[in-house]
Peer 1: 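Provided herewith is a single structure, encoded as structure tokens, for subsequent inquiry.
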Amino acid sequence: MLAPTIKGPFYQVVADEEEIFDSAYRNQLPLMLKGPTGCGKSRFIESMAARRGRPLITVACNEDTSATDLLGRFVVKGGDTVWQDGPVTRALREGAILYLDEIAEAREDVIVVLHPLTDHRRAITLDKLNEEIKASPEFMLVVSFNPGYQRGLKELKPSTRQRFVAMHFDYPRPELESEIVKAESQCSLEVAQKLVRFAGKIRNLKELGLAETASTRLLVDAGKLIRDGLEPRRSCDVAIVQPLTDDGDIMTALQDVAAMIF
Ligand code: ADP
């Protein structure tokens, strides 16, 4: 059931992602958002959580994330030892949307602990409390994953991947991306279009071997600097080129492309 809608952040729909989210939600299926950094995955989930009127609990996963960090631990408070829920446990109880960002960064043993949340059980056993926490019906698990096997990024095990409905996200097509950059940075449409053209060129220059490419996020940042009065080429340099590379030759090549466009 849809709870009263809370106005969410601006999210430009790109394809059928809202429909798929809604159907997965109604069917209590966990969802995986695949795609490169900065292409709108987190923004999409923020917007969906607001639309559903559910709290959103986000965890940025990394290799130091432990099962205890996610599930909870005993802490000493005023001389007493009390249990403190971790974000996963809190999300289960509150019926929140739990967003595990970059799940592949978490250790395998931590990911396995979450498996029971992804099937009919929808529950977690807290050994330390000797208690099973069942997910509230509104709970949903969403994870993001950046498939970057070519670049040595971490992979997800097939046995984990299989547990999710998975959607591929990518940078939006140029007209939409220009609208997003304009709306997010408040720059002119003309500037936004140029930034998107610049990004298109960088994304096509596969031979540069960049670990990450020009994301929508970087374009929004550049748009903000330009709107603020910083010279466009310099804005492209500090908001797009420098974050992407430390290699002098590649920097020069990208700065040349920016100079051609701006
Ligand atoms: P990801 O989670 O994929 O790394 P984000 O969702 O944080 O990326 O997106 C980065 C930024 O790009 C957002 O803060 C927002 O400014 C912009 N953005 C990207 N796609 C969209 C979209 N479809 N609608 C609105 N903003 C978007």
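These numbers come from the heavy atoms of this one structure, side chains and all, not from hydrogens, waters or symmetry mates. Atoms within each ligand, like the ligands themselves, are counted from 1 in listed order.
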Peer 1: Heavy-atom cut-off of under 4.0 Å around ligand 1: list whichever protein residues fall inside it, by chain and number.
Peer 2: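 Ligand 1 is contacted, at a heavy-atom distance under 4.0 Å, by Phe10, Tyr11, Gln12, Pro36, Thr37, Gly38, Cys39, Gly40, Lys41, Ser42, Arg43, Ile180, Glu184, Thr216, Arg217, Val220.
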
Peer 1: Counting only heavy atoms not in Lys134, do more than 12 fall under 6.0 Å of its NZ?
Peer 2: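 Enclosed: over 12 neighbouring heavy atoms sit under 6.0 Å from NZ of Lys134.
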
Peer 1: Could Arg234 and Asp237 be called an ion pair, given the rule that one side-chain N must be under 4.0 Å from one carboxylate O?
Peer 2: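 Yes, this pair counts.
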
Peer 1: Taking the side chain as every heavy atom from C-beta outward, state whether Thr245 and Leu208 have any pair of such atoms under 4.5 Å apart.
Peer 2: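 No, too far: nothing below the 4.5 Å cut-off.
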
Peer 1: Checking side-chain hydrogen bond (donor to acceptor under 3.5 Å, both in side chains) between Tyr11 and each of Arg51, Glu17, Glu18, which is the one that passes?
Peer 2: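 Looking at Arg51, Glu17, Glu18, the match for Tyr11 under the side-chain hydrogen bond (donor to acceptor under 3.5 Å, both in side chains) is Glu17.
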
Peer 1: Decide, yes or no, whether a salt bridge links Arg43 with Glu184 under the criterion of side-chain N to carboxylate O below 4.0 Å.
Peer 2: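 So Arg43 pairs with Glu184 through a salt bridge.
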
Peer 1: By the ring-ring contact (aromatic ring centres under 6.0 Å, His included) test, which pairs, at least two apart or in different chains, include something from residues 154-185?
Peer 2: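 Those involving residues 154-185 are Phe44-Phe169.
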
